[in-house]
Structures are given as C-alpha cells and as structure tokens.
Amino acid sequence: MKLEMRRRQTADVKTGNHGDLKEESRTDKMDTRRKEGDGRLKSLLGFDPLAITGWTSLVRLLNEPRDPAGLAVTRILFGILMMVDIPQERGMANVDSRFSDEVLCRFPLFSGLEPLPVDWMYLVYLVMFCGAVGICLGLFYRYSCALFFIPYWYIFFLDKSAWNNHSYLYGLLGFQLTWMDANRCWSLDALRNPKVRNKHIPLWNYTMLRTQIFIVYFLAGLKKLDRDWMSGYSMNNLSKSWVFDPFKLLLTDDQIDLYIVHIGGLTLDLFSGFLMFFDKTRPFVFFFVGSFHTMNSQLFSIGMFPYAMLATMPIFCYVDWPRKLIAKMPTFIKGRFVTEYDALEQSEHCIYPEDKQTVEKTKETQGVEDVDKDQSKKLGKTRKPSERSWYHHIASCWLILYLSFQFFMPYSHFITQGYNNWTNGLYGYSWDMMVHSWATQHIKIKFVDSTGETGYLDPKYFTNTRRWASHPDMVKQYAMCIADNLQDAGLNEVELYFDIWKSMNDRFHQRMVHPLGDMVKAEWSPFQYPEWNMPLLTEFSDWRTQLKKTEDELGENIDVTFVADFPGLFLENYLNDDFDNCSITVLSGKVKVELVDNGTFITLNEGEKLQLPIGAFHNVHVVSKEPSTYMYLFVNGTNVEYQKNITNALESVGGTLDDLKNGQITDPMIANITDEKLAIDIRDINSENRKHSGSGAKLSFANASKFLEKKAKVLRLTVSKTSIALGHVLFGYESVLESVKRDMESKQGNSGSQTRVSA
C-alpha cells in the first residue's frame with residue numbers, strides 16, 4: 001500500500017498535478033483565515049453576524065438563554081431611583097398646589113385629558129409609588145410595572161410644559177421592563193414561586209435595554225451636530241462652576257465652554273454608546289461617562305437623571321457581572337447570593353440549541369463562549385433542546401418594531417409639524433438635550449372684548465410656567481384657556497394678541513408669533529405648520545461674535561439689548577424711570593422711531609443713533625424691505641444704586657464683592673448686616689454663587705445636613721398629605737385642600753399674634 005501511494009505521488013509530480021495540491025493548500029489556508037476572522041468578529045460583537053441567514057436564525061439568536069443577574073440589578077436600581085424621584089421631580093409632595101387651582105391653564109397632550117380631583121391625584125401617585133416599590137422588590141412584577149407606568153404616562157401626558165428628555169426616558173424604561181423577565185433573579189417573586197426562580201432570560205431582554213440607552217447617547221450626539229452647538233452658543237458660562245476648576249489650570253473660561261462642554265459633550269454622546277459595547281474600550285468609556293454624569297448632577301437640577309444613567313452603565317457589561325462580583329466577596333456574603341455550583345434553570349422563553357445541551361457561559365455583552373464538560377457542571381444543567389414557538393416570533397417582532405419606533409420618533413417632526421417652530425417638536429422625546437438655550441425679553445398679551453374694550457394681561461397670571469411661549473401648540477392652548485377664563489369673568493367674544501420676544505442661543509431677540517393675529521381664531525393642527533409662526537432670523541446668526549464683543553466692551557453699569565424685527569411690524573416699548581441715558585442704534589436696515597407723547601417720527605438708517613425719552617412710550621417701526629436690527633443701550637440707575645448699597649453692606653462686615661461672587665460670605669457676616677432686606681438678598685446671592693464656585697465643594701459636608709433636611713421635609717409632606725388624601729377617599733375625612741387651608745390660616749394667625757406682641 002505504501003509503495004502504491006509513493007507511485008501515485010510520483011505520477012502526480014511527473015504529470016504536473018502538483019498545481020492541484022497547491023490550490024488545495026491555498027484553499028485550506030483561506031478557510032482557516034476565514035474561520036479566524038469569523039472568530040474575531042464573534043468575539044468582538046458577541047455573535048456571528050454571518051450565521052444570521054434569515055428570520056429563523058435571527059429569532060434563535062434573540063431568544064438565546066442568558067443569565068438574569070445583570071438585568072435584576074438594573075431592575076432594583078431603577079425601582080429605587082423612581083421611589084426617590086416620585087415625591088420630588090414627579091411632584092407627589094406638591095400635588096395640591098399643582099392641581100388644585102382650576103383657573104390655572106394646563107397643557108395636556110390630548111385635548112380633554114384632565115387631572116382628577118386633588119385627593120384622587122394623590123391616590124394616582126400612590127399607585128405609581130407602589131409600582132416602583134414592586135419593581136424594586138420584584139414582587140408581583142408585571143403588575144407592579146403596570147401600576148408604575150400607567151399612572152406615570154397619565155401624569156406625563158397631563159402637562160407638556162413639564163416635559164424633558166429624562167422624564168420621557170423613565171416612562172420608556174418602565175414600559176420596557178413590563179415585557180422583560182427581570183424578576184427571574186433576586187426578587188420576591190423568585191423566592192415565592194419556583195417556576196420563575198433562577199430561570200434564564202432571552203437575549204432580547206438585554207438587547208432592548210442596551211439599544212434604548214444607546215439611542216439616548218447616540219441620537220443626542222447626532223442632535224449636537226448643529227452649528228450652534230459646535231460653535232459653542234448652546235450653553236454659555238458653565239465654566240464658572242467649580243466642577244471645571246481642574247481645567248482652568250490649562251484653559252480659559254471660553255475655551256472650557258467650547259472645547260470641554262460643547263466639543264467634549266458632542267464627542268462623548270456620539271461615540272460612548274458604541275464604545276461601551278466592547279471589552280477593550282468599556283473601562284475607558286465608563287470613566288468618562290461616569291465623570292460626565294457626576295458633573296451633571298452638580299451643574300443642573302435634573303433630579304435622578306444623572307444617577308439613572310450611571311445605573312444603566314453596567315447593562316453593557318457581561319450579563320453575569322453581579323455573580324462574578326459576589327463570588328469575590330467574603331463567604332458570609334457570597335453564601336447568601338450565589339454558590340460556585342449554582343445552576344440556572346431552563347426557561348420556556350428561551351431557545352436552546354440541539355447540538356449543545358449545556359448552558360454556555362456568557363463571554364461578552366451579547367455573545368456566548370463554549371465551555372467544556374467540567375465547566376458545564378458549574379455553570380448549568382443538562383438542557384433539552386427546544387423548538388421555536390409563537391412567543392419567540394412575537395417577542396422578536398416586538399423588539400424590532402419597538403426599536404425601529406424609537407429610532408424614528410426623534411425624526412418624526414415632518415409628520416407632526418404643528419409642534420414645530422424654531423425647534424422641531426416638543427422638548428422631551430427628541431433627545432436634543434441642552435442644544436437650545438432660551439432668553440425671554442418680554443411677553444405681551446393684549447385682549448379686546450366684544451365692546452371694543454382693550455386690556456393687557458400678565459403672562460404669568462393663568463400659568464406657573466413660561467415654556468408655553470416657545471411652542472405653538474401650547475400658545476394656542478393658552479389662548480383658548482385665557483378666553484374661557486375671561487368669558488367666565490364676563491368678557492365675551494374676546495380677541496387675544498400675543499407678542500412674544502425671545503432669543504435662542506445668543507441671537508438677536510425677535511418675535512416668535514405674529515402679533516397681529518387673533519390667537520383665539522388662529523388655526524392649529526398637529527399635522528400642519530402654523531402660518532402664524534415667525535421664522536428664526538438665521539441670516540443674523542453670524543452677528544453673534546460681534547454682539548458678544550460689543551457687550552464685553554461696555555461697562556458693568558451699562559446694559560444692552562439686541563433686537564431684530566420684520567418689515568411692516570413695530571415694537572412698542574416703555575422706558576420707566578429706573579433707566580438713565582437710554583439710546584437706540586440701528587445696526588442694519590432702516591427703522592422709524594415714533595415718540596408717542598408728541599407724535600413725532602424720526603427715521604434712522606444703519607449706524608445712526610437716537611437718545612430716547614425716559615418715562616414715555618415709543619414705537620420702533622421697521623420700514624426697510626428686509627428685517628432690521630438695532631440695539632438699546634441704557635443705564636439702570638436703580639440697579640447702580642442697589643449695587644452701591646450691596647457694596648457698602650459687605651464692607652461694613654469686612655466683605656467684598658469678590659467674596660460675594662465666590663460665595664465666601666459667612667452666615668455670621670450676613671447676621672451683622674443691619675439692613676434686613678439687603679441681608680436676605682446677600683444670603684440668596686451668596687448661596688447661589690457658592691454652588692458655582694469652589695467654596696461649594698469645600699462646604700459640601702456642611703451643606704449635607706441642609707440637603708438631607710430638605711429631602712426629609714419632602715418625604716414628610718408626601719407621607720402626611722397622601723395619608724390625608726387616602727383618608728378622604730376611603731373614609732370621607734377632610735380633604736387635603738381643607739387641611740392645607742386650615743394650616744395656612746393657623747400660620748397666618750400665629751404670625752399676626754406675634755406681630756401684635758412685638759408692637
């Protein structure tokens with residue numbers, strides 16, 4: 001046989017068949033390289049993308065078994081954070097003040113959606129709070145999720161003016177958890193029900209949660225690919241805060257605002273969602289993302305959002321990371337949670353492969369690595385192969401549809417055009433966090449009744465928020481609400497005219513809505529762009545550098561306001577006696593200034609200036625064919641005198657204005673200021689400046705007791721008012737409103753008694 005083989009090889013060489021051997025060798029090498037490449041791809045992504053050849057293989061992948069430990073920790077942390085959030089940012093402690101005044105205008109998403117009576121609203125909040133407790137404990141898990149997210153979305157839809165991105169995110173996470181098997185580990189459900197105890201969960205549970213958090217980062221980054229953000233106009237003066245003190249060793253304040261806040265924020269949002277998926281980059285990204293959220297917790301009053309984002313970071317780690325962490329703890333702790341030979345049970349929600357009967361240990365965020373027989377004894381029991389069921393197909397379809405919707409929603413503004421103005425859509429579901437900063441110059445609301453009588457309303461009279469003025473849908477809602485209230489007051493068939501002046505990202509102040517249109521009769525539809533919107537004058541965006549330079553060159557006692565207006569319109573203005581030396585200068589275009597008292601008109605061209613009379617009305621008409629720009633310069637005499645009084649008061653106790661700016665005025669110094677009103681003002685200014693200066697960090701331990709006392713007060717109010725409301729609903733006792741009214745009258749009576757005794 002050996003001789004015959006040698007003869008065949010010799011014949012192959014003689015006949016030239018060695019080329020075929022080389023070709024086979026080359027093919028073998030290519031197959032080896034392809035397998036190595038596939039292995040590296042699987043190691044990087046956690047799964048082999050080439051193995052997904054159709055719907056069947058995709059369903060099998062999405063329903064592969066995974067350790068529930070990582071999801072269980074996320075569930076517990078989310079429940080705890082929502083238990084803290086509900087009394088505070090959701091406003092459970094202040095339901096009575098938020099929903100008791102029937103005259104106040106509200107801005108629900110759906111017309112006709114109204115709040116329940118105040119005592120019943122406390123019950124709604126209580127149900128939501130109980131749902132958060134149930135989520136944390138994993139008790140009656142799916143019912144608890146429903147108890148949380150149904151009241152949550154009801155309260156969310158009640159008031160668009162309170163929307164923000166993180167409130168929207170909490171609602172999404174509560175809704176997502178309802179469909180996940182997050183109670184399979186470390187839950188009371190698992191303790192009382194062996195059917196769910198230590199069961200595997202399908203991969204799509206992790207995929208949905210990870211992708212949702214990825215969307216938050218990545219789409220926020222895409223929204224920051226905006227000229228205003230990349231030029232540093234969206235968020236100014238953050239560098240004044242003490243959290244940026246380390247950067248001030250190398251950079252100026254302006255450089256910190258541009259490179260650290262804007263460019264750094266863009267880079268982090270755009271790439272961190274990707275880099276958290278991979279083992280080699282995850283620790284590096286965790287450091288920067290963790291620092292980012294920690295800084296945000298000190299910079300902004302955004303409730304639990306920074307902590308919620310910190311809590312979601314581990315979801316990108318290995319799904320069994322909690323077990324690995326506990327395994328390294330002392331025996332008395334480790335024995336209570338996990339043992340080396342602890343095995344997970346098979347779940348009907350997962351698909352188990354036919355060729356491997358053991359549960360495979362997770363290697364990366366989504367992947368599975370093979371384990372030998374000795375390891376399988378530690379990691380899992382022998383499993384029976386399972387077939388795909390209707391559940392697996394429906395779950396896979398649900399995942400794809402939900403995530404597709406989440407990617408689509410932030411860019412759906414071409415459909416819901418009725419909510420668009422200078423920005424697209426409502427602030428809350430677009431992930432355009434901090435991209436737009438607003439400054440309100442003034443808001444004027446004029447009404448004309450059926451008899452022709454004219455009057456003006458305080459813009460804040462029927463609402464506690466000004467966010468309505470930035471969105472056309474809420475402008476329309478506010479107009480209709482005011483008209484109803486005025487009709488109740490005896491004014492019929494009123495016409496309402498809104499003149500709203502705002503600046504976005506340091507541009508000129510300009511109108512947002514047309515001032516000559518009756519907002520009661522103005523048409524509005526969710527799907528049509530409002531014709532009464534006034535466009536943002538982006539042609540003047542390049543002026544912002546010059547505007548900042550002009551403002552910086554002015555003295556501390558000189559104020560400036562930059563205005564842009566449209567042809568054919570005029571600005572009505574009144575200069576009160578607080579102003580000194582007020583003038584108007586035309587920057588571009590042509591205007592005609594009307595001095596109302598004497599009825600004269602003065603035309604001003606570009607570069608011309610006019611001194612304006614104090615204590616009188618004047619109107620500025622734009623007479624050029626294009627929009628015109630101009631600026632007011634004035635000295636606020638009252639403010640100058642006030643600053644002198646502040647300076648003198650500080651000097652009398654050994655302080656300076658610099659000490660006040662740095663938040664370094666002590667309580668004993670404030671107590672020695674004789675002017676009580678100035679003392680209160682200095683205390684408030686000092687407290688605010690302390691938050692943004694290094695002294696805020698140095699005194700953090702001293703402020704901790706005040707912080708905890710404030711939180712304890714919120715908790716006490718929540719418990720007491722909810723108890724009263726519950727007693728009213730269940731037993732007919734006095735309502736919360738009656739109790740609050742009685743307490744207020746009691747306080748006023750005590751105050752009056754003390755005043756009489758002092759006198």
Please work out which of the three classes, parallel, tilted or perpendicular, describes the rings of [Y] and [X], given edges at 30° and 60°.
X    : Y    : answer
Y170 : Y152 : perpendicular
F634 : F579 : tilted
F244 : F247 : tilted

What's the spacing between [X] [atom1] and [Y] [atom2] if we round to 0.5 Å?
X    : Y    : atom1 : atom2 : value
L457 : K446 : CG    : NZ    : 12.5 Å
S297 : M309 : OG    : CE    : 13.5 Å
K502 : Q441 : NZ    : CD    : 11.0 Å
F570 : H618 : CZ    : NE2   : 11.5 Å
I665 : L650 : CD1   : CG    : 5.0 Å

Aromatic ring centroids of H442 and Y456 under 6.0 Å?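 No - the distance between ring centres of H442 and Y456 does not fall below the 6.0 Å cut-off.
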Does [X] reach the main-chain N or O of [Y] with its side chain, forming a donor-acceptor pair under 3.5 Å?
X    : Y    : result
K721 : A93  : yes
R90  : F129 : no
N94  : S97  : no
Y497 : K444 : no
S231 : D228 : no
K248 : S239 : yes
D85  : G303 : no
Q298 : V243 : no
N165 : W431 : yes
Y125 : I155 : no

Would you please name every residue forming a ring-ring contact (aromatic ring centres under 6.0 Å, His included) with H436, sequence neighbours left out?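 Result, ring-ring contact (aromatic ring centres under 6.0 Å, His included) vs H436: none returned.
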Start with the C-alpha gap between W468 and F498, add the side-chain angles, then the distance that decides, and say whether ring pair (Phe, Tyr, Trp, His ring centres under 6.0 Å) holds. CA-CA 12 Å; W468 64 268; F498 287 60; 5.7 Å; yes
Check whether more than 12 heavy atoms from other residues, nucleotides or ligands sit under 6.0 Å from atom [atom1] of [X], and answer yes or no.
X    : atom1 : answer
Y574 : OH    : yes
Y461 : OH    : no
E102 : CD    : no
Q611 : CD    : yes
K609 : NZ    : no

Would you say that [X] contacts [Y] through its side chain, given a criterion of any heavy-atom pair below 4.5 Å between the two side chains?
X    : Y    : result
F107 : T465 : yes
F156 : S167 : yes
W438 : T423 : yes
Q88  : T718 : no
I614 : C582 : yes
Y217 : V289 : yes
E89  : H166 : yes
N296 : M433 : no

What residues form a side-chain contact (heavy atoms from CB on, under 4.5 Å) with S100, not counting sequence neighbours? V118, L737
Walk me through it: do K160 and Q477 pass the test side-chain contact (heavy atoms from CB on, under 4.5 Å)? CA-CA 11 Å; K160 291 177 292 186; Q477 285 179 306; 3.0 Å; yes
Could you walk me through whether K240 and D253 pass salt bridge (Lys or Arg N to Asp or Glu O under 4.0 Å), step by step? CA-CA 7 Å; K240 305 296 183 183; D253 287 353; 3.2 Å; yes
Tabulate below the donor-acceptor pairs under 3.5 Å that side-chain atoms of residues 260-268 make, not counting sequence neighbours, or state none.
| unit_1 | atom_1 | unit_2 | atom_2 | d |
| --- | --- | --- | --- | --- |
| H262 | ND1 | D257 | O | 2.5 |
| H262 | NE2 | S234 | N | 3.4 |
| H262 | NE2 | M235 | N | 3.0 |
| T267 | OG1 | I263 | O | 2.9 |

Can a donor-acceptor pair be found between the side chains of [X] and [Y] at a distance below 3.5 Å?
X    : Y    : value
N645 : D675 : no
Y642 : D681 : yes
Y168 : S430 : no
Y630 : D565 : no

Ring of W229, cation from K224 - is the NZ or CZ under 6.0 Å from the centre and inside 45° of the axis?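 The answer is yes, since K224 meets both limits relative to W229.
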side-chain contact (heavy atoms from CB on, under 4.5 Å) assessment of L547 paired with D506: CA-CA 9 Å; L547 300 186; D506 289 345; over 6 Å; no
